[in-house]
Undergrad: 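Here it is, the structure, as structure tokens.
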Amino acid sequence: MMVVRTIGNYLGAVLVPGSEPQLTSPAPRVIVVSGGTDGMGRSLALARAQRGDRVLVLGSNPEKGRRVVAESEALAAGEPIDFIQADLSSVSDTRRAIADIEAQYPVVDALGLFANRQATQRRTTAEGLEHTFALYYLSRYLLSHELAPLLRRSRTPVIINVAGVGTSKGKIHWDDLQLERGYSAITAQLQAGRANDLLGVAYAARTDSPARYVLYHPGFTKSGDLSPLPAAARVFIRAAAAVAARPVARAIAPVHEFIDSPPAAALTANDRGTQLPLTLTTLDPASAARLAKVTRSLVELPCSAEH
């Protein structure tokens, strides 16, 4: 794991009584972005660094990390981005990244969850977990819950989980969470998306964290790393994106708003700018509680490496 830069004691600057931020010149925020070396996460990280925020990016590729740090150094305002190299599909490595964040940052104001990668073939992590489920869902669960103490120290804490809220396709395969039977990239992506919906519901029900939880669906966006996909699929997606995809800047514009002015509600579901009712079947509180219980057992107990 690599930490490119460190941060001094930012906590005093945030929590001084009477130092409310001015609307015309908001106080710098500490922002953690998972999956921040590609796509929307990278664009958000660079934009926030340019605004003067302190930004920490988590990603698995050290070269991409160095590039985003170097690009941030050329920006006119703010500190260069910090980068921690971490395999977010690994529970243990995600926890090591969290420990590094805790060692360097006394407070986190916003957590942006973007990390995801499609896998055309089923594969498991070293801990025996299906890769998409581990990266797309479990890393977000761990970051949301285990960074709660740092978020609690912020005046305006917010978590933005960028997934597929509002989509009704897909389901939680309760009897086969690791998709040992009938795996496909689409099935895995949809299951993890529905799991993230339930993560938001369960987190918002916590009574020990003031952080607002935002489930945000950006829609089809000109973003992301297509390299894991077959060549034909990459060509098709790029052609479709040229016609129908939203520009990255437009897709992340609501994320900036959520960071600058967190919603008043504990949970917000937003699909491409449209507020969604929390009564959607994909946001069922009973299912959220059930998944939270199962997830705790996955991340707290050793997993068999043989699946």
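When reading the values below, keep in mind they use all heavy atoms of this one structure, side chains included, and skip hydrogens, waters and symmetry mates. Keep in mind it's a predicted model, so treat the numbers as computed, not measured. One is the number of the first residue; the rest follow in order along the sequence.
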Undergrad: Rounded to the nearest 0.5 Å, what separation is found between the CG atom of Leu179 and the OG1 atom of Thr132?
TA: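 One finds 8.0 Å between CG of Leu179 and OG1 of Thr132.
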
Undergrad: Considering non-hydrogen atoms only, spot the tightest contact between Ser168 and Thr282 and give its length.
TA: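 Minimum heavy-atom separation between Ser168 and Thr282: CA-CG2, 4.1 Å.
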
Undergrad: Before you tell me yes or no, could you show the steps for Ile159 and Val214 under side-chain contact (heavy atoms from CB on, under 4.5 Å), namely the whole-Å CA-CA distance, both residues' side-chain angles and the distance that decides it to 0.1 Å?
TA: CA-CA 6 Å; Ile159 301 171; Val214 178; over 6 Å; no

Undergrad: Which heavy atom in Ser72 sits nearest to a heavy atom in Leu46, and how many Å separate them?
TA: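 Of all heavy-atom pairs spanning Ser72 and Leu46, the closest is N-CD2, 3.9 Å.
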
Undergrad: Kindly indicate whether the side chain of Ser60, heavy atoms from C-beta on, has any atom under 4.5 Å from the side chain of Gln85.
TA: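 No, too far: nothing below the 4.5 Å cut-off.
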
Undergrad: I'd like to know whether CD of Gln121 has more than 12 heavy-atom contacts from other residues, nucleotides or ligands below 6.0 angstrom.
TA: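 No, not enclosed.
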
Undergrad: Does the Ser154 side chain pair with the main chain of Leu151, one donor and one acceptor, at a distance under 3.5 Å?
TA: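 No: the side chain of Ser154 does not pair with the backbone of Leu151.
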
Undergrad: Decide yes or no on salt bridge (charged side-chain N to carboxylate O under 4.0 Å, His left out) for Asp175 and Arg181, but give the supporting numbers first.
TA: CA-CA 10 Å; Asp175 62 341; Arg181 304 181 297 276; 3.6 Å; yes

Undergrad: I'd like to know if the side chain of Ser89 pairs up with that of Asp87 as donor and acceptor (distance under 3.5 Å, no hydrogens or angles considered).
TA: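 Ser89 vs Asp87: donor-acceptor pair found between side chains.
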
Undergrad: Measure the CG-CG distance between Asp271 and Leu276 for me, rounded to the nearest 0.5 Å.
TA: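 CG of Leu276 is found 5.5 Å from CG of Asp271.
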
Undergrad: Can you measure from CZ (Phe258) to CD1 (Ile160) and round to the nearest 0.5 angstrom?
TA: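 Taking CZ in Phe258 and CD1 in Ile160, the distance rounds to 7.5 Å.
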
Undergrad: Hey, any chance Tyr183 and Phe133 share a hydrophobic cluster, counting ILVMFWY side chains that come within less than 4.5 Å of each other, even indirectly?
TA: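 No, separate clusters.
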
Undergrad: Looking at Arg123, I want to see if its CZ is surrounded by more than 12 non-hydrogen atoms of other residues, nucleotides or ligands under 6.0 Å.
TA: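 Open.
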
Undergrad: Looking only at non-hydrogen atoms, find the nearest pair between Pro277 and Leu283 and report the distance.
TA: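 Pro277 and Leu283 have their closest heavy atoms at O-CD1, 3.9 Å.
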
Undergrad: Any chain of hydrophobic side-chain contacts (each under 4.5 Å) joining Ile186 to Ile172?
TA: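 No, no single cluster joins them.
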
Undergrad: I'd like to know if the side chain of Gln189 pairs up with that of Asn116 as donor and acceptor (distance under 3.5 Å, no hydrogens or angles considered).
TA: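 Yes, Asn116 and Gln189 have a side-chain donor paired with an acceptor closer than 3.5 Å.
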
Undergrad: Side chains of Arg153 and Pro106: closer than 4.5 Å at any heavy-atom pair?
TA: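 Yes, close enough: below the 4.5 Å cut-off.
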
Undergrad: Would you confirm whether Asn161, through its side chain, and Leu215, through its main-chain N or O, come within 3.5 Å as a donor-acceptor pair?
TA: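 No, Asn161 side chain to Leu215 backbone: no donor-acceptor pair under 3.5 Å.
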
Undergrad: Would you check if there is a donor-acceptor pair between the side chains of Ser144 and Tyr213 at a distance under 3.5 Å?
TA: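 Yes.
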
Undergrad: Going by atom types alone, do Tyr105 and Asp82 pair a side-chain donor with an acceptor below 3.5 Å?
TA: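 Short answer, yes.
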
Undergrad: Could you report the tightest heavy-atom contact between Ala97 and Leu58, atom names first, then the distance?
TA: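 Ala97 and Leu58 have their closest heavy atoms at CB-CD2, 4.3 Å.
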
Undergrad: In terms of side-chain heavy atoms, does Thr295 have a donor or acceptor partner in Tyr137 at a distance below 3.5 Å?
TA: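 Side chains of Thr295 and Tyr137: pair found under 3.5 Å.
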
Undergrad: With a 3.5 Å cut-off and no angle check, do the side chains of His145 and Arg206 form a donor-acceptor pair?
TA: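 Arg206 and His145 do have a side-chain donor-acceptor pair below 3.5 Å.
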
Undergrad: Please report the shortest heavy-atom distance between Val165 and His217, naming the atom on each side.
TA: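 It is O-CB, 3.2 Å.
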
Undergrad: Can you check whether Leu177 reaches Gln191 side chain to side chain, under 4.5 Å on heavy atoms?
TA: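 With C-beta onward as the side chain, the pair touches.
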
Undergrad: What are the two closest non-hydrogen atoms of Arg42 and Thr37, and how far apart are they?
TA: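 Result for this residue pair: CD-O, 3.4 Å.
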
Undergrad: Output, in order, the C-alpha distance, side-chain angles, deciding distance and verdict of side-chain contact (heavy atoms from CB on, under 4.5 Å) for Trp174 and Arg290.
TA: CA-CA 10 Å; Trp174 296 107; Arg290 180 182 181 186; 3.5 Å; yes

Undergrad: Which value, rounded to the nearest 0.5 Å, describes the distance between Glu130 atom CD and Tyr136 atom OH?
TA: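 These two atoms lie 12.5 Å from each other.
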
Undergrad: Can you check whether Val162's main-chain N or O pairs, donor with acceptor, with Arg140's side chain at less than 3.5 Å?
TA: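 Side chain of Arg140 to backbone of Val162, a donor-acceptor pair under 3.5 Å: yes, one is there.
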
Undergrad: Whether the Arg48 and His256 side chains hold a donor-acceptor pair (N or O, under 3.5 Å, no angle test) is what I'd like checked.
TA: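 On atom types as modelled, these side chains qualify, holding a pair under 3.5 Å.
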
Undergrad: Checking side-chain contact (heavy atoms from CB on, under 4.5 Å) for the pair Val107/Leu150: CA distance, chi angles, key distance, verdict?
TA: CA-CA 4 Å; Val107 61; Leu150 301 189; 5.6 Å; no

Undergrad: Establish, from distance only, whether the side-chain atoms of Asp93 and Ser90 form a donor-acceptor pair under 3.5 Å.
TA: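 Judged by distance alone, the side chains do not pair up.
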
Undergrad: Enter the distance from Leu199:CG to Arg194:CZ here, rounded to the nearest 0.5 Å.
TA: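 Leu199 CG to Arg194 CZ: 12.5 Å, rounded to 0.5 Å.
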
Undergrad: What's the verdict on salt bridge (charged side-chain N to carboxylate O under 4.0 Å, His left out) for Asp100 and Arg95, showing C-alpha distance, side-chain angles and the deciding distance?
TA: CA-CA 9 Å; Asp100 278 352; Arg95 283 200 162 117; over 6 Å; no

Undergrad: Does the pair Arg67 and Glu63 meet the rule for a salt bridge (charged side-chain N to carboxylate O under 4.0 Å, His left out), with working shown?
TA: CA-CA 6 Å; Arg67 285 202 296 266; Glu63 180 55 35; 3.8 Å; yes

Undergrad: Should Leu143 and Thr94 count as side-chain neighbours, where that means a heavy-atom distance under 4.5 Å?
TA: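 Yes, close enough: below the 4.5 Å cut-off.
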
Undergrad: List the steps and the verdict of side-chain contact (heavy atoms from CB on, under 4.5 Å) for Glu180 and Arg122.
TA: CA-CA 8 Å; Glu180 297 179 77; Arg122 183 183 183 275; 3.3 Å; yes

Undergrad: Is it the case that one hydrophobic cluster holds both Leu198 and Leu190, taking links as side-chain heavy atoms less than 4.5 Å apart, direct or via other members?
TA: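 Each belongs to a different hydrophobic cluster.
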
Undergrad: With distance as the sole test, does Gln275 use its side chain to make a donor-acceptor pair with the main-chain N or O of Thr268 at under 3.5 Å?
TA: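 No, because the side chain of Gln275 does not come within donor-acceptor range (under 3.5 Å) of the backbone of Thr268.
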
Undergrad: What is the distance from atom OG1 of Thr156 to atom CD1 of Ile259, rounded to the nearest 0.5 Å?
TA: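 Reported value, rounded in 0.5 Å steps: 10.0 Å.
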
Undergrad: I'd like to know if Val248 and Phe114 are part of one continuous hydrophobic network [Ile/Leu/Val/Met/Phe/Trp/Tyr, side-chain heavy atoms within less than 4.5 Å].
TA: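 In one cluster: yes.
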
Undergrad: Is there a donor-acceptor pair under 3.5 Å between the side chain of Glu146 and the backbone N or O of Ile98?
TA: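 The answer is no, because no donor-acceptor pair under 3.5 Å joins these two groups.
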
Undergrad: Within the distance-only criterion (no hydrogens, no angle test), does the side chain of Asp284 pair as donor or acceptor with the backbone N or O of Leu280 below 3.5 angstrom?
TA: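 Flag not set: sc Asp284 to bb Leu280 has no pair under 3.5 Å.
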
